[in-house]
Amino acid sequence: MRDFSYLRATSPDAAREAAALPGAMLLAGGTTLIDLAKCGVAEPEALVDISHLKGLDTIEVGEHGASLGALAKMSQVAGHDGIKSQFPAVSEALWQAASAQIRNMASIGGNLMQRTRCPYFRDPANFSACNKREPGSGCSAIGGVTRGHAVLGTGGACIAMYPGDLAVALVAFDAAVHLGERQLPVDDFFLLPGSTPDKEHAIRPGEMITAISIPASAAARRSTYLKVRDRQSYEFAAASAAVGIELEADGRTIRDLRVALGGVATKPWRAWAVEEALRGKVLEEDAVRRASLLAVEGAVDHGANHYKIELAPRVVARAILKTGAIA
Amino acid sequence: MTSQTTIHLTINGHDHSLEIEPRVTLLDALRDRLDLTGTKKGCDQGQCGACTVHVDGERVLACLTLAAQVEGRAITTIEGLAQEDGTLHVVQAAFLQQDAFQCGYCTPGQIMSAVACIREGHAGSDEEIREYMAGNLCRCGAYPHIVAAVRQAALEVAS
Amino acid sequence: MTIHDLRTRHGDASDGNADQVGGRLSRVDGPAKITGAAKYAVEQQLEGLAHAVLVESTVPAGKVHAIDTAAAERAPGVLLVLTPDTIPPLKTASDWFGTPPPDVPYCPLARDIAFSGQHVAAVVAESFEQAVAAAALVKVSYDEAPAIADLSDAKAGDGIPIDMMTKEWGEAEAAFAAAPVRICAAYNTPREYQAPMEPHGLIAVWQGDRLTVWEPSQWLDGMARTYAEWFAIPFENVRLVSPYIGGGFGSKALALSHGAVAASAAKMLGRPVRLVMSRPQTFTGYGGRAATRQTVTLGADRDGKIQSIVHRGVNETSMDGMWVEPLGSVTSIMYATPNFSSKQNVVRVNSVVPGAMRAPGENPSAFGIESAIDELAYEVGIDPLEIRLRNYAEQDPHARKAWSTRQLREAFAAGAETFGWSKRSAQPRSMRDGNQLIGWGVAAGTYPVRRAYGEALVRILADGTVEVESSSIDMGQGTYTILAQTAAESLGVPADNVVVKLGDSRFARAGVTGGSRLAGIMTGAVHKAAGAALDQLVGLAISDPRSPFHALQANTLVVSAGRIASPRGDGPEVSIAELLASVGADQIEAKGDTMPANSTAEDRYKAYTTIATPLSHTDGDYSRHSWCAHFIEVRVDEDFGTVRVSRVVSALDSGRLYNPKLAESQWKGGIIMGIGQALLEEGIVDRRHGRIVNNNLADYLVPTNADIPDIEVISVGIPDLHSSVLGGKGVGELAIVGVAPAIANAVFHATGKRVRDLPITLEKLI
Ligand SMILES: Cc1cc2nc3c(=O)[nH]c(=O)nc-3n(C[C@H](O)[C@H](O)[C@H](O)COP(=O)(O)OP(=O)(O)OC[C@H]3O[C@@H](n4cnc5c(N)ncnc54)[C@H](O)[C@@H]3O)c2cc1C
Ligand code: SF4
Ligand code: FES
Ligand code: FES
């Protein structure tokens, strides 16, 4: 780690100001930033510690939805009664992420900002080519070890997978990211790599995530986050799905359906086609399995990650069936 | 640019003041500067749990925490768990009884994690204990005995 | 004349109270470990400690072209930058067989690159943070050469035949060709890593020409010898200290180049230097288990009786070293067969030289044969347990000697009974629970009894407490505890009164802690030393005129619970402390060893600092091995291909257990590492860079607590006095052997898919 200065922010405005200076970065839980600084990926000159700011860690759940302060800890949100009852998929995405210790440290603002686990990205000493780190340097992953890389939303410049869980649940339920005055739908907050994989978020210099809001919905109330991985715990997803369902009064016809995918795409991935195919249809296994295949329309593999194209629709199908209580 | 600063840490109820660079992690401050080597370094990357300590009563990883960040907070390490007279914490005693370790290197982290796991109310069943203790790797494979120790200690704490 | 009776009991695992051999005494080193008081080697706080960080090659083959150290040297706090040009040359040390080395200089920093991750430079600074930052500033350029990335590299070729590994009897090929039932399949295991939770590292300190090294070590005497030879100083001038070891699993037995770098730096600076590998560096700084390939062909009768086994194996080694992973070791002894042939090649690739990892050889070997026999069982339609019994080897088929003890039949019976094997439905895919396919698998394992020599010193102090000293070590197997029990039992004192001191090369010597040999050797040595100390104690009590027993004219006395009395209970009864006080003795000290009586000093040096003199496990009339049978249930998600182990029952024959509580822990630990091997662990190589890319604990997956179900272990051993003085056989490595095939067999039973490449990851099942 290169040496840096440390500043404890006294107010959100002071934090934004300090972080806007060249070489400065915000520090919340540090579980991404300190890790990447040790890898030599992040080389901050100054850290602006926002973890002591008061008032940014509130969790409010009301009839219109939830408002989560950016500094609320993953563990606090996961265990919050209102979140568990109104947004079960959000709670489940969180408690299945990382480890209990990391969830006690990590803020949900920082969580959205976590970076890919692409092994080439994380090892600059050994792999100099990485367009995400160094635009124009190339991509070491293509043609290399790709088992954990994305199959959706990729391009020739970068195939890195977005590893987070929470944002997958958020994108399913139309959550918004609050950047002080400005707010953006989560779906727009995350950018596709395109030809600029170094730009991952629609956040501007000097901006800070202050809160995340999630509108209430019947689909969010009946929701699940299903995470499939090699190891039972303490691992990122091989494929995951956030699903919410609202049924008609008949108890079998789908009125509203939300599906988002994790572990397979370059950003939290809303599976619009699956939702459309099933909306208005009777919830029944064959139809669900067929529609779930649409989740990976247009997917491109790079060899070792081919299995994700098989796996993701099955995870989606199971999540839908489970949420609809017919699996 | 070197930027030594003075920071004050409260560890196991004692105040310490240190002249260190801001980049020094809590883990290296404990192990290299304060001779509190009970907290272990297994990966230095947040991937093993060996460095688990409590900050304001909650379990966190010392390897991804800057020492400067926890100035003003109450830090508890494995050295501060037993009572001053040496009486073991129930979790420590349970680890010994259940033989919940072999080489002992992951053990301080396991114990700190287990104390918090019980306090959080995540020791309700074996399945829950396994999930909420999954952030502490043990290469010796003491897991079944760790589960037994946490289960035993949770019952003792409850009664 | 026997003047006392050593109350060594040879009963089953559960006998004895905690103070005796065989009792369930809790770890005596436990309190230090659970309170954080146990100081591991690199945790010593030394005045003036400087910190070293390694710089490693980023190419797999070629030459270092140039190293630019200017920026690093200017960096704050930097004391020294070492490169191949600036590190003083050392002498080449002998290998672990003690083979005299060539008289060429040894440079622990490489100019010629044989693998990615090789140490090429090092930075020493005042603080760890400064050293890390400065190391990143060292710029190395290379003249890169083509590399062979791994076994599947097209350039790898067939490799070098290792004739020593060839085992043949009968007419294996012909018998196979003639057999009515034939099975032939290839089984592969990837690079696997020991990944002990404590990373490798050391602190080196010089005082004149004396070197002290604080380093986690499975072999103090062997490592001390290497350091002494490197620096051309007498063996006695090197002190190795390793009080606790945070796991080794085979990886901490040898002094490695990073140790030479740290010791060189300490010498140059005249300061203590600490060097600890980063977790990623531990994947290339020393070798894990070599990747292996095996073909197993079985010819059998229609009733499943094996007629022939033809086995071919290959393992990878490095360009600059030789590692042979004996792949035919289990193949040649597990089942009776009239015809047999096993051969092995070794293929050079650009990797660090592979090393020992829990049950080297036996582990991958068992994956081959124990999968193959399962395939045969389905082929002939016989229960997988039954087919193993039909082919039971009544004697060692290779050595043609009687087993010293082989409780494998008992293990099968006990395991099957507890597991409920008889309720198994034979057809694959016939057991399910919702989306989960359930499978039951069985496999056997074995590990040879490796025997060597050890010494111990037993000292009875004036206050009646007892000290045991040995340069052997405890990395979690329980050496501290079982030696306390052995001394306690042999002397008749409570284990509480025994202090065991290990992990210092100044103590009585011991050979390598590996191959599950230490417990058998050291309990024997302590037993002898304690016996000699007791002889002295009782001798004094009887013969010293100042002794209260002098008048008794007895020819023997008994010591029990730390008190001395006559066997008939007449006359006085005093504590050891009182006796020593009465005769004016400060202490009693005796050494004991397991060496042949006429051994010379040279013999001893060789016995403890090399592995050249172990006793073969087939020495004399018997073939000595420990045995086990694993019964495992898996649940495979039909859609996702994820495999979870839901139940394990293992029955194991390690002979007599010195402490069942601790042996059970080791067994379970082995089984858990086997679960990791079966389902998760694999070093993944980027072929273009010849480099492991998952070199950390988030990407090289080892099991977490959530991956492990309750595990039931059953001891079926009986004392085996051909194997060790007190009747134990190996414990530590046995239990991992056979776990991976038991799981692969269970996965086949669950899914109907035979996975022959470890690990069994989800993409192989969907
Ligand atoms: C071993 C390991 C396993 C993990 N497993 C998972 C997993 O399974 N699933 C999962 O979802 N995550 C996982 N994570 C990632 C973890 O959840 C994130 O590291 C964490 O959520 C980041 O939050 P933080 O507060 O620590 O962020 P920090 O590290 O403090 O910050 C991360 C980045 O966000 C910026 N930032 C922080 N706060 C703000 C803000 N308010 N506004 C603008 N920018 C900000 C920082 O400048 C920095 O660039 C894992 C991490 C580790 C180390
Ligand atoms: S996939 Fe993206 S992050 Fe990974 S090496 Fe390529 S450009 Fe870098
Ligand atoms: S040392 Fe902190 S998690 Fe491993
Ligand atoms: S006891 Fe050795 S790693 Fe857990």
Side-chain angles (χ1 to χ4, degrees), chain B residues 1-2 20-21 23-25 28 31-32 35-48 50 77-79 81-82 86 88 91-93 95-97 99-108 111 126-127 129-147, chain C residues 26-27 29-40 43 45 49 51 76-77 127-130 133 194-199 244-249 276 278-280 474-478 661-662 664-666 668-673 696-698 702-711:
Chain B
M1 171 190 63
T2 3
I20 51 171
E21 297 168 340
R23 65 177 161 185
V24 175
T25 62
D28 290 325
R31 287 172 62 82
D32 291 358
D35 196 11
L36 289 166
T37 55
T39 307
K40 303 302 180 197
K41 185 188 278 193
C43 70
D44 215 16
Q45 299 180 286
Q47 302 173 349
C48 77
T77 68
I78 188 73
E79 289 92 345
L81 205 56
L88 295 176
V91 172
Q92 289 172 312
F95 266 61
L96 192 57
Q97 272 173 38
D99 202 37
F101 54 96
Q102 294 175 43
C103 78
Y105 199 77
C106 72
T107 311
I111 291 174
D126 286 3
E127 200 185 342
I129 293 169
R130 289 188 185 108
E131 170 58 34
Y132 281 86
M133 289 299 291
N136 292 82
L137 302 182
C138 174
R139 190 57 164 161
C140 294
Y143 296 133
H145 294 181
I146 292 170
V147 173
Chain C
S26 291
R27 269 171 217 280
D29 49 333
K33 287 177 173 172
I34 57 176
T35 55
K39 274 224 177 312
Y40 292 67
E43 295 171 350
Q45 310 283 313
L49 186 69
H51 300 258
S127 78
F128 169 66
E129 293 76 16
Q130 290 168 332
Q194 301 90 348
M197 292 312 299
E198 177 199 37
Y244 300 97
I245 295 100
F249 313 112
V276 181
S278 70
R279 180 54 67 179
D474 191 330
M475 53 179 171
Q477 341 85 293
K661 181 171 181 170
L662 309 194
E664 287 161 13
S665 287
Q666 271 204 87
K668 291 181 189 178
I671 292 164
I672 289 166
M673 205 179 266
N696 61 76
L697 293 174
V702 302
T704 70
N705 204 324
D707 294 281
I708 302 305
D710 255 347
I711 293 173

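Predicted model, so just to flag it, every value in this text is computed and none were measured. Atom set for the values below is all heavy atoms of this structure, side chains included, hydrogens, waters and symmetry mates excluded. Chain A is the first sequence line, chain B the second, and so forth, proteins listed ahead of strands; every chain is numbered from 1.
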Original post:
Between B:Tyr105 and C:Pro199, is any pair of side-chain heavy atoms under 4.5 Å apart?
Top reply: yes

Subject >> Nearest-0.5 Å distance, CD of residue C:Glu43 to OG1 of residue B:Thr39 >> reply: 9.5 Å

Subject >> Aromatic C:Phe128 / basic B:Lys41 pairing, under 6.0 angstrom, 45° off normal >> reply: yes

Subject >> Heavy-atom donor-acceptor pair, C:Arg279 side chain to B:Gly42 backbone, under 3.5 Å >> reply: yes

**OP:** Indicate yes or no for a side-chain donor-acceptor contact from B:Tyr143 to the backbone of C:Pro703 under 3.5 Å, with no hydrogens or angles considered.
**Re:** yes

Subject >> Under 4.5 Å from any heavy atom of chain B - which part of C:Gln477 >> reply: neither

**OP:** State, yes or no, whether a side-chain contact exists between B:Cys140 and C:Phe249 at a heavy-atom distance under 4.5 Å.
**Re:** yes

Original post:
For C:Ile671, is it the side chain, the backbone, both, or neither that has a heavy atom closer than 4.5 Å to a heavy atom of chain B?
Top reply: neither

Original post:
Contact part of C:Met475 toward chain B, heavy-atom cut-off under 4.5 Å: side chain, backbone, both or neither?
Top reply: backbone

**OP:** Compare all side-chain heavy atoms of B:His145 with those of C:Lys668 and state whether any distance is below 4.5 angstrom.
**Re:** yes

**OP:** Sort C:Ile708 into side chain, backbone, both or neither according to what part of it lies under 4.5 angstrom from a heavy atom of chain B.
**Re:** both

**OP:** Name the region of C:Ile672, side chain, backbone, both or neither, that has any atom closer than 4.5 Å to a heavy atom of chain B.
**Re:** side chain

Subject >> Intermediate values then yes/no, side-chain contact (heavy atoms from CB on, under 4.5 Å), C:Ile34 and B:Phe101 >> reply: CA-CA 9 Å; C:Ile34 57 176; B:Phe101 54 96; 3.6 Å; yes

Original post:
With side chains defined as the heavy atoms from C-beta onward, is the minimum distance between C:Thr35 and B:Ile78 less than 4.5 Å?
Top reply: no

**OP:** Could you tell me whether B:Asp99 and C:Arg27 have a side-chain N and a carboxylate O separated by less than 4.0 Å?
**Re:** yes

**OP:** Sort out for me which residue in B:Gln47, B:Arg139, B:Gln45 forms a side chain to side chain contact (heavy atoms under 4.5 Å, CB included) with C:Leu697.
**Re:** B:Gln47

Subject >> Minimal non-hydrogen separation, B:Pro144 against C:Pro709, with atom names >> reply: CG-O, 4.1 Å

Original post:
Which heavy-atom pair separates C:Ala706 from B:Ala134 by the least distance, and what is that distance?
Top reply: CB-CB, 4.2 Å

Original post:
So how far is it from C:Glu198 CD to B:Cys106 SG, rounded to the nearest 0.5 Å?
Top reply: 12.0 Å

Original post:
Could you give the distance from NZ (C:Lys39) to OG1 (B:Thr37), rounded to the nearest 0.5 Å?
Top reply: 2.5 Å

Subject >> Contacting region of B:Ile111 [heavy-atom separation from chain C under 4.5 Å] >> reply: side chain

Original post:
Looking only at atom types and distance, does a side-chain atom of B:Gln102 sit under 3.5 Å from a main-chain N or O of C:Leu662, one as donor and one as acceptor?
Top reply: no

Original post:
What part of B:Leu96 gets closer than 4.5 Å to chain C, counting heavy atoms only: side chain, backbone, both or neither?
Top reply: both

Original post:
What is the distance from atom CD of C:Gln45 to atom CZ of B:Arg31, rounded to the nearest 0.5 Å?
Top reply: 8.5 Å

Original post:
Would you call B:Asn136 and C:Asn705 a side-chain contact if the rule is heavy atoms closer than 4.5 Å?
Top reply: no

Subject >> Under 4.5 Å from any heavy atom of chain B - which part of C:Ala38 >> reply: backbone

